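Take a look at the structure set out below.
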Amino acid sequence: MFKRILVAVDGSKTSLKAMDKAIELQRLTDAEIYLLCVYKHHSLFEASLSIGRPPGMDIPDKVLSEYAKEVVNHAKDLAKSHGATKVRGFVKGGRPSKVIIKFAQDKEADLIVVGTKGTHSDKDGILLGSVSHRVASNAKCPVLVV
């Protein structure tokens with residue numbers, strides 16, 4: 001059924017619920033779980049500001065990348081504590097929806113699992129988050145929105 005399940009994680013409660021659903025599917029299929037955290041690159045304006053930064057101050061991409069690594073490592077540890085096996089973590093930079101879709105294609109994922117809303121979504125619960133909407137609309141493989 002499923003050999004590779006991609007779960008987009010961003011530290012939000014809904015992304016962790018998506019991961020839990022992927023773990024349930026793993027128990028049924030023995031699939032490998034890929035946890036992916038995508039951080040957005042900083043703007044060119046921010047990059048130009050980095051020229052005048054003191055030497056000890058990190059550039060935004062480095063800080064965002066480190067945070068994304070923490071998010072994916074936390075999710076990986078949590079997944080293992082919930083009984084998941086064959087779990088791998090990845091961090092990529094770019095526009096989240098595009099990176100998730102391309103990563104799924106590159107890794108030949110059979111399923112993408114995403115939360116309904118990420119860390120920056122509205123709190124009313126009226127609309128699907130923009131990333132989950134774009135992924136569900138444009139992915140070449142099935143998408144489970146949790």
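Predicted, not measured: the structure shown is a model, and the values here were computed from it.
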To the nearest 0.5 angstrom, please state how far the [atom1] atom of [X] sits from the [atom2] atom of [Y].
X      : Y      : atom1 : atom2 : answer
Ile33  : Arg88  : CD1   : CZ    : 12.5 Å
Ser97  : Lys102 : OG    : NZ    : 14.0 Å
Asn138 : His133 : CG    : NE2   : 8.0 Å
Thr85  : Gln26  : OG1   : CD    : 4.0 Å
Ile23  : Ile5   : CD1   : CD1   : 10.0 Å
His82  : Asp20  : NE2   : CG    : 5.5 Å

- Message: Set out, in order, the CA-CA distance, both residues' side-chain angles and the distance that settles side-chain contact (heavy atoms from CB on, under 4.5 Å) for Leu144 and Lys21, then state yes or no.
- Response: CA-CA 9 Å; Leu144 176 61; Lys21 189 57 69 177; 3.6 Å; yes

- Stepwise, does the side-chain contact (heavy atoms from CB on, under 4.5 Å) test hold for Met19 with Leu78? CA-CA 9 Å; Met19 184 187 70; Leu78 194 59; 4.0 Å; yes

Identify the heavy atoms of [X] and [Y] that sit nearest to each other, and give their distance.
X      : Y      : answer
Asp10  : Val71  : C-CG1, 3.7 Å
Ile112 : Cys141 : CG1-SG, 3.6 Å
Lys40  : Pro96  : CG-CD, 3.8 Å
Lys107 : Arg4   : O-NE, 2.9 Å
Val113 : Val146 : CG1-CG2, 3.8 Å
Val72  : Val9   : CG2-CG2, 4.2 Å

- Within a reach of under 6.0 Å around NZ of Lys86, are more than 12 heavy atoms found that belong to other residues, nucleotides or ligands? yes

- Message: I want to check something: taking the side chain as every heavy atom from C-beta on, are Ser15 and Val7 in contact at a cut-off of under 4.5 Å?
- Response: no

- Item | Min side-chain heavy-atom separation Val114-Val131 under 4.5 Å | no

- Task: Decide side-chain contact (heavy atoms from CB on, under 4.5 Å) for Arg134 and Arg95; before the verdict, give the C-alpha distance in whole Å, the side-chain angles of both, and the deciding distance to 0.1 Å.
- Result: CA-CA 11 Å; Arg134 283 190 205 105; Arg95 185 174 179 187; 2.9 Å; yes

- Item | Steps toward salt bridge (charged side-chain N to carboxylate O under 4.0 Å, His left out) verdict (Arg27, Glu24) | CA-CA 5 Å; Arg27 289 184 187 122; Glu24 289 178 35; 5.9 Å; no

- Message: With ring pair (Phe, Tyr, Trp, His ring centres under 6.0 Å) as the rule and sequence neighbours excluded, what pairs involving residues 10-33 come up?
- Response: none

- Message: Show, in sequence, the C-alpha distance, side-chain angles and deciding distance for Tyr67 and Tyr39, and conclude whether the side-chain contact (heavy atoms from CB on, under 4.5 Å) test is met.
- Response: CA-CA 9 Å; Tyr67 177 72; Tyr39 64 93; over 6 Å; no

